[in-house]
Colleague: 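Below you will find the structure I want to go over with you.
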Protein chains: 2
Amino acid sequence: MSNPVDSPGSPEDFAGADDVDAALQSVEQQLSLFWRRARSVSQQLSRQVHPDMEPAAYGLLTIIRREGPMRLTDLASCVGVGKPSVSRQIAFLESIGLIFKEADPVDGRAQSIRLTPRGEEKMHQVQDARNQVFRERLGEWPVSELQTLARYIAKLNTTYERDGFPKDESKRDHVQ
Amino acid sequence: MSNPVDSPGSPEDFAGADDVDAALQSVEQQLSLFWRRARSVSQQLSRQVHPDMEPAAYGLLTIIRREGPMRLTDLASCVGVGKPSVSRQIAFLESIGLIFKEADPVDGRAQSIRLTPRGEEKMHQVQDARNQVFRERLGEWPVSELQTLARYIAKLNTTYERDGFPKDESKRDHVQ
DNA sequence: CAACTGGGTTGCTCATGGCAACAATTCTAG
DNA sequence: CTAGAATTGTTGCCATGAGCAACCCAGTTG
């Protein structure tokens, strides 16, 4: 608040605990605000971009697309939610023909989830459209800031990765 | 396709449209990931901090605390969600005695929402606890980065503010 | 083979928030 | 002064997204 890039890495004046606290508060505040608003924004954005493309589903598709075919569990752990959610979302995406589940020939239980051609195609459309919207909102930002922002949030995400997610790794099966 | 300048060959002086696109993609990706993870994290965090302090409620309290007593509608528009949500959350917070609604003497419809002493007290506790958690996660970040992050997200938030929220300003009352 | 483990699915519930429709109040013509 | 318009907040109903538990099925291991 006091100063944009203040004393970058200058260890001469230790950042006082107060500064850290204030900064943390700011981050928390802004994140919380963002988080809350993001829901409605992301929803209306998805709707407007493509009616039958649920926001959550879109996220999954981008990952599958980026990482290639993968198993449901990996997908879940990658996105940081439980298997059930992903399972249902994937079922939906399959029902509208954007992905298909291919049985793993080696492991009969597993299935590799991959985009259908139609899924690929739709992803192109949607990504273009979304990009446009983002460009409208963030286009004026200097690229360097965008990059920095992306980096920071990525860092934030890895921070979250450290300690576990739900992702029902809890093995409470076999109870019968 | 819809890019005015899509020349991939001149990345010297201008940030090419490709760079912008890439940066936007990154931001989108990371935000979407963050958003999804944030839910579970924020939930378990709130639980752990205080069982009956719902994450959403906490956000409202911080605002009330920061801005002072305010009306429900203002609160809603400030946080960017509709009145109904806030109304319910406020009802909950009142039921557990953290806030109270005081009828506005001037305007019989309005009510000013304010923290009870117990609310103040609890906010202190919770904020301390949350700060500690945040410190564990982000404490290693240089302060300057924290500040930058906060600034960027704030910027993001103002971007969102530009075009409206639901906040049922739509005047579909009076239909009777 | 039986027991166990691990991948996915389904049932139920919860948290959150949207839209509609409302009640109560205030404001604004006429 | 009174009828209609607007505003404040509430409630009903529904959608989304996610969690936990319990399950099914396919491998794995003793």
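Letters A, B, ... mirror the listed sequences (proteins, then strands); counts begin at 1.
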Colleague: Whole Å only: how far is the CG atom of B/Leu75 from the P atom of D/dG9?
Modeller: 10 Å
Colleague: Determine whether B/Val20 and B/Leu156 fall in the same hydrophobic cluster, where Ile, Leu, Val, Met, Phe, Trp and Tyr are linked whenever their side-chain heavy atoms lie under 4.5 Å apart.
Modeller: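 Yes; tracing contacts between hydrophobic side chains, which count when under 4.5 Å, links both residues.
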Colleague: For B/Glu94 and D/dG9, give me the distance from atom CD to atom P, rounded to whole Å.
Modeller: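 Spelled out: CD on B/Glu94 to P on D/dG9 is 13 Å.
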Colleague: Check whether any side-chain heavy atom of B/Thr148 sits under 4.5 Å from a side-chain heavy atom of A/Glu145, and report yes or no.
Modeller: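 When only atoms from C-beta onward are counted, A/Glu145 and B/Thr148 do not touch, as no gap falls below 4.5 Å.
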Colleague: Choose from D/dG17, D/dT11, C/dA15 the nucleotide whose nearest atom is closest to any side-chain atom of B/Glu54.
Modeller: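 It is C/dA15.
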Colleague: Closest-nucleotide mapping onto DNA chain D: is A/Gln89 or B/Ala91 further toward the 5' terminus? I mean the 5' end.
Modeller: B/Ala91
Colleague: Any side-chain N or O of A/Thr73 under 4.0 Å from OP1/OP2 of C/dG8?
Modeller: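 Affirmative; the distance criterion is met.
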Colleague: For B/Val86 and A/Ile90, find the nucleotide of DNA chain C closest to each by heavy atoms; which residue's nucleotide sits nearer the 5' end?
Modeller: A/Ile90
Colleague: Out of curiosity, does A/Phe34 fall in the hydrophobic cluster containing B/Trp141 (side-chain heavy atoms, cut-off under 4.5 Å, transitive links)?
Modeller: yes
Colleague: Once you round it to whole Å, what is the distance between C1' of C/dG17 and CZ of B/Phe92?
Modeller: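 These atoms are roughly 16 Å apart.
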Colleague: Counting side-chain heavy atoms from CB outward, which of D/dG19, D/dG12, D/dT16 is closest to A/Arg88?
Modeller: D/dG19
Colleague: Quick one: is C/dG7 close enough that its OP1 or OP2 comes under 4.0 Å of any side-chain N or O from A/Arg71?
Modeller: yes
Colleague: Taking for each residue the nucleotide of DNA chain D with the nearest heavy atom, is it A/Gln43 or A/Arg109 whose nucleotide lies nearer the 5' end?
Modeller: A/Gln43
Colleague: How close or far is atom C1' of D/dT8 from atom CE of B/Met70, stated in whole angstroms?
Modeller: 14 Å
Colleague: Would you indicate, yes or no, if D/dG19 has its OP1 or OP2 atom less than 4.0 angstrom from a side-chain nitrogen or oxygen of A/Ser85?
Modeller: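 Yes, because at least one side-chain N or O of A/Ser85 sits under 4.0 Å from OP1 or OP2 of D/dG19.
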Colleague: Quickly work out the A/Arg39 CZ to D/dG17 P distance and round it to whole Å.
Modeller: 9 Å
Colleague: In whole angstroms, how far is the P atom of C/dG18 from the CZ atom of A/Arg37?
Modeller: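 Rounding to the nearest Å, CZ of A/Arg37 and P of C/dG18 are 12 Å apart.
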Colleague: Nearest of D/dG17, C/dT16, D/dT11 to any side-chain atom of A/Pro55?
Modeller: D/dG17
Colleague: Over how many whole Å does the gap from B/Gln111 atom CD to C/dT26 atom P extend?
Modeller: 13 Å
Colleague: Using atom types as modelled and distance alone, determine if a side-chain donor or acceptor of A/Ser32 lies under 3.5 Å from a backbone N or O of B/Gly59.
Modeller: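 Looks like no, no N/O pair under 3.5 Å.
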Colleague: What is the nucleic acid contact for B/Arg36, judged by heavy atoms within less than 4.0 Å: base, sugar-phosphate only, or nothing?
Modeller: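 If one applies the 4.0 Å heavy-atom cut-off, B/Arg36 turns out to touch the sugar-phosphate alone, with no base involved.
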Colleague: Do the side chains of A/Trp35 and B/Ile153 join up, straight or via other hydrophobic residues, at under 4.5 Å, putting them in one cluster?
Modeller: no
Colleague: Please state whether the phosphate of D/dT10, meaning OP1 or OP2, lies under 4.0 angstrom from any side-chain nitrogen or oxygen of B/Lys101.
Modeller: yes
Colleague: Among C/dT9, D/dG12, C/dG17, which nucleotide sits nearest the side chain of A/Lys83?
Modeller: C/dT9
Colleague: Could you state the CG-P distance from B/Leu72 to C/dT25, rounded to the nearest angstrom?
Modeller: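 Between P of C/dT25 and CG of B/Leu72: 17 Å.
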